[in-house]
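The first residue of the sequence shown is numbered 1, and numbering continues consecutively from there. Given the structure is predicted, the values throughout are model-derived calculations rather than measurements.
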Amino acid sequence: MSTSDGRVLSTTRIVDNGSDRRRWNLALMGDGYTEAELGAYHTHCRDFVDHLLSTPPFDLMSGAINVFRIDVASRESGADEPAACGGSGARPRTFFDASFCGFGTQRLLVVKQETALRTARRQVPRNHVGMVIVNSTVYGGSGGGVAVFSVAEHAFEIGIHEMGHTFFKLADEYSTLAGCDSGETGHDTYGGGEPREVNATKEKNPARVKWRNVITPGTAIPTTRNADCRRCDPQPSPVPPGTVGLFEGSRYFHCGLFRPEFDCKMRTLGKPFCAVCRNEIIRQLNRFRA
């Protein structure tokens with residue numbers, strides 16, 4: 001369950017848009033792939049990169065991006081599936097020790113962050129973000145120092161969402177931590193300071209909202225309010241998709257925090273990034289386009 005359970009074999013540049021000094025460098029790593037399974041890992045990397053570079057706004061910024069594939073062979077396949085979270089109890093020997101049930105949540109797939117960060121730095125010294133693809137068809141992922149995702153159906157969307165946290169510092173825009181039907185407590189109404197993330201705010205004055213310059217003209221501010229802060233807001237969007245306003249429920253709170261659009265990839269996988277998130281991604285990648 002450590003680096004003694006695998007080894008780093010090689011690093012290959014699979015998207016080349018110029019000098020590492022002038023581009024945004026993404027390092028992909030695999031966990032739970034045996035040496036015999038590295039062909040599948042190569043396919044997963046290529047498929048993820050294709051998905052990423054066809055996703056707005058990365059499609060517009062693709063010339064700013066280099067991608068490196070780090071081949072890591074584990075002794076055994078898969079990831080830990082603790083029985084405590086309803087898993088199989090499997091504990092394969094893998095290099096990054098990938099495991100579901102992070103912090104007691106079954107879908108939270110985690111790895112040893114320091115090992116992943118150290119590997120990315122050694123293999124791609126100028127890397128800006130590292131991502132670990134885990135050889136499991138169980139749905140899961142996480143953010144943090146590196147982004148982690150499995151190869152379950154729709155898992156590439158998890159990877160892009162988690163990248164939103166790891167490098168672009170975007171907030172989750174959903175209004176619950178454990179799930180709307182979980183009965184969780186402590187997430188009714190936010191009472192802290194103004195969030196640092198560009199896509200979450202407690203501000204209700206339209207003249208002071210972070211994204212005031214992109215609010216759709218004529219949109220009510222706030223655009224939605226949650227009538228019952230004990231639970232997630234069930235109301236549908238009162239405005240067309242793509243409308244930028246102030247929608248209550250964000251960053252794990254039912255009330256007191258607002259998001260820019262009714263839906264966004266930082267709220268629902270498979271949806272486009274909202275305008276505020278797209279603009280932030282473009283802003284950060286623009287410096288790598290010269």
> Quick check: are there more than 12 heavy atoms from other residues, nucleotides or ligands sitting under 6.0 Å from CG of Asn205?
Replying inline: yes

> Are Met61 and Leu28 joined in one hydrophobic group, where the rule is that I, L, V, M, F, W and Y side chains link up if heavy atoms are under 4.5 Å apart?
Replying inline: yes

> Is Val132 reachable from Phe100 through a run of hydrophobic residues whose side-chain heavy atoms are each under 4.5 Å from the next?
Replying inline: yes

> Is Phe258 reachable from Phe253 through a run of I, L, V, M, F, W or Y residues, each pair having side-chain heavy atoms under 4.5 Å apart?
Replying inline: no

> Please walk me through it: do Ile133 and Met29 pass side-chain contact (heavy atoms from CB on, under 4.5 Å)?
Replying inline: CA-CA 6 Å; Ile133 303 175; Met29 300 166 277; over 6 Å; no

> Does CZ in Arg107 sit with more than 12 non-hydrogen atoms of other residues, nucleotides or ligands closer than 6.0 Å?
Replying inline: no

> Would His165 and Asp172 count as having a side-chain donor-acceptor pair, cut-off 3.5 Å?
Replying inline: yes

> Are Glu76 and Thr34 close enough that a side-chain donor and a side-chain acceptor fall under 3.5 Å?
Replying inline: no

>> Would Arg231 and Asp181 count as a salt bridge (Lys or Arg N to Asp or Glu O under 4.0 Å) here? Give the steps.
In response: CA-CA 8 Å; Arg231 54 181 59 91; Asp181 299 322; over 6 Å; no

> Does the side-chain hydrogen bond (donor to acceptor under 3.5 Å, both in side chains) test come out yes or no for Glu261 and Thr243, once each step is laid out?
Replying inline: CA-CA 6 Å; Glu261 294 184 24; Thr243 300; over 6 Å; no

> Which value, rounded to the nearest 0.5 Å, describes the distance between Glu114 atom CD and Thr119 atom OG1?
Replying inline: 10.5 Å

> Have Thr268 and Asp263 got a donor and an acceptor in their side chains that come within less than 3.5 Å?
Replying inline: yes

> Is there side-chain contact between Glu37 and Ser77, with heavy atoms separated by less than 4.5 Å?
Replying inline: yes

>> For a side-chain contact (heavy atoms from CB on, under 4.5 Å) check, start with the C-alpha distance between Ile160 and His51, then their side-chain angles and the critical distance, and finish with the verdict.
In response: CA-CA 9 Å; Ile160 295 173; His51 187 71; 3.5 Å; yes

>> Checking side chain to side chain contact (heavy atoms under 4.5 Å, CB included) between Phe247 and each of Thr224, Leu257, Asn226, which is the one that passes?
In response: Thr224

>> Run the side-chain hydrogen bond (donor to acceptor under 3.5 Å, both in side chains) test on Thr94 and Asp31 for me, step by step, so that the C-alpha distance in whole Å, both residues' side-chain angles and the decisive distance to 0.1 Å come before the verdict.
In response: CA-CA 6 Å; Thr94 70; Asp31 198 36; 3.0 Å; yes

> If every non-hydrogen atom of Gln123 is compared with every non-hydrogen atom of Thr11, which pair is closest and at what distance?
Replying inline: NE2-OG1, 2.7 Å

> Is there a donor-acceptor contact under 3.5 Å linking the side chains of Asn66 and Asn25?
Replying inline: yes

> Hey, what do you get for CG (Asn135) to OG (Ser150), rounding to the nearest 0.5 Å?
Replying inline: 9.5 Å

> Is the shortest distance from a Lys or Arg side-chain nitrogen in Glu203 or Lys210 to a carboxylate oxygen in the other one below 4.0 Å?
Replying inline: no

> So which heavy atom on Gly245 is nearest to which on Thr223, and how close?
Replying inline: CA-OG1, 3.4 Å

>> Walk me through whether Leu9 and Val72 qualify under side-chain contact (heavy atoms from CB on, under 4.5 Å).
In response: CA-CA 6 Å; Leu9 299 178; Val72 180; over 6 Å; no

> Tell me, do Asp80 and Pro92 make a side-chain contact under 4.5 Å, heavy atoms counted?
Replying inline: yes

>> What's the separation between atom CG in Asn286 and atom CH2 in Trp24, rounded to the nearest 0.5 Å?
In response: 13.5 Å

> Just wondering, do Glu248 and Asp233 contact through their side chains at under 4.5 Å, heavy atoms?
Replying inline: no

>> Looking at every non-hydrogen atom in both residues, tell me the closest pair between Cys45 and Arg69 and how far apart they are.
In response: SG-CG, 3.6 Å

>> Taking Phe273's backbone N and O only, do any of them form a donor-acceptor pair with Arg278's side chain (distance below 3.5 Å, no angle check)?
In response: yes

>> I'd like to know if Glu35 and Arg7 make a salt bridge, using a cut-off of under 4.0 Å between side-chain N and carboxylate O.
In response: yes

> Atom CZ of Arg126 and atom CZ of Phe68: how far apart are they, to the nearest 0.5 Å?
Replying inline: 10.5 Å

> Would you find more than 12 non-hydrogen atoms of other residues, nucleotides or ligands less than 6.0 Å from Arg225 atom CZ?
Replying inline: yes

>> Between His44 and Phe156 (judged by ring centroids, cut-off 6.0 Å), do the two rings come close enough to count as a pair?
In response: no

> Any chance the SGs on Cys277 and Cys264 are under 2.5 Å from each other?
Replying inline: no

> Would you say the side-chain atoms of Asn17 pair up with the backbone N or O of Ser62, donor to acceptor, closer than 3.5 Å?
Replying inline: yes

> For Arg122, does the CZ atom sit with more than 12 other heavy atoms under 6.0 Å from it, leaving out its own atoms?
Replying inline: no

> Do you know the tightest heavy-atom contact between Thr219 and Ile215?
Replying inline: CB-CG2, 4.4 Å

> Would you say the side-chain atoms of Glu184 and Thr176 include a donor-acceptor pair closer than 3.5 Å?
Replying inline: yes

> What distance do Ile65 atom CD1 and Arg289 atom CZ have between them, rounded to the nearest 0.5 Å?
Replying inline: 10.0 Å

> Can you name the nearest heavy-atom pair linking Ser88 to Glu81, along with the distance?
Replying inline: OG-OE1, 3.0 Å

>> Apply ring-ring contact (aromatic ring centres under 6.0 Å, His included) to residues Tyr252 and Tyr190 and explain how you reach the verdict.
In response: CA-CA 9 Å; Tyr252 322 124; Tyr190 179 74; over 10 Å; no

>> With clusters defined by side-chain heavy atoms of hydrophobic residues (ILVMFWY) lying less than 4.5 Å apart, directly or transitively, does Phe167 cluster with Leu170?
In response: yes

>> By the definition side chain to side chain contact (heavy atoms under 4.5 Å, CB included), identify the one residue from Thr185, Thr189, Asp188 that meets it with Arg230.
In response: Asp188

> With no hydrogens and no angle check, is any side-chain donor or acceptor of Ser142 less than 3.5 Å from a backbone partner on Leu109?
Replying inline: yes

>> Tell me whether Lys112 forms a cation-pi arrangement with Phe96, defined as NZ or CZ under 6.0 Å from the six-membered ring centre and within 45 degrees of its axis.
In response: no

>> Looking at every non-hydrogen atom in both residues, tell me the closest pair between Val148 and Val111 and how far apart they are.
In response: CG2-CG2, 3.7 Å

> Say you draw a straight line from NZ of Lys169 to OG1 of Thr166; how long is it, rounded to the nearest 0.5 Å?
Replying inline: 6.5 Å

>> Can you tell me which residue among His161, Glu157, Glu173 is in a side chain to side chain donor-acceptor pair (under 3.5 Å) with Lys265?
In response: Glu157

>> Between Trp211 and Val244, is the side-chain contact (heavy atoms from CB on, under 4.5 Å) condition met? List the steps.
In response: CA-CA 9 Å; Trp211 52 84; Val244 180; 3.8 Å; yes

>> Do Val151 and Tyr33 make a side-chain contact, defined as non-hydrogen atoms from C-beta onward lying under 4.5 Å apart?
In response: yes

> Is there a donor-acceptor pair closer than 3.5 Å between any side-chain N or O of Ser136 and the backbone N or O of Gly78?
Replying inline: no

> Are Phe288 and Val49 in one and the same hydrophobic cluster, where Ile, Leu, Val, Met, Phe, Trp and Tyr link if side-chain heavy atoms are under 4.5 Å apart?
Replying inline: yes

>> Is there a side-chain contact between Cys101 and Gln106 in this structure, where contact means two heavy atoms from C-beta onward sitting under 4.5 Å apart?
In response: no

> Any donor-acceptor pair under 3.5 Å linking the side chain of Thr12 with the backbone of Ile14?
Replying inline: no

>> On the six-membered ring of Phe262, is Arg259 placed so that its NZ or CZ lies under 6.0 angstrom from the centre and within 45° of the ring axis?
In response: yes

> Does the side chain of Asn199 come under 3.5 Å of the side chain of Glu197 through a donor N or O and an acceptor N or O?
Replying inline: no

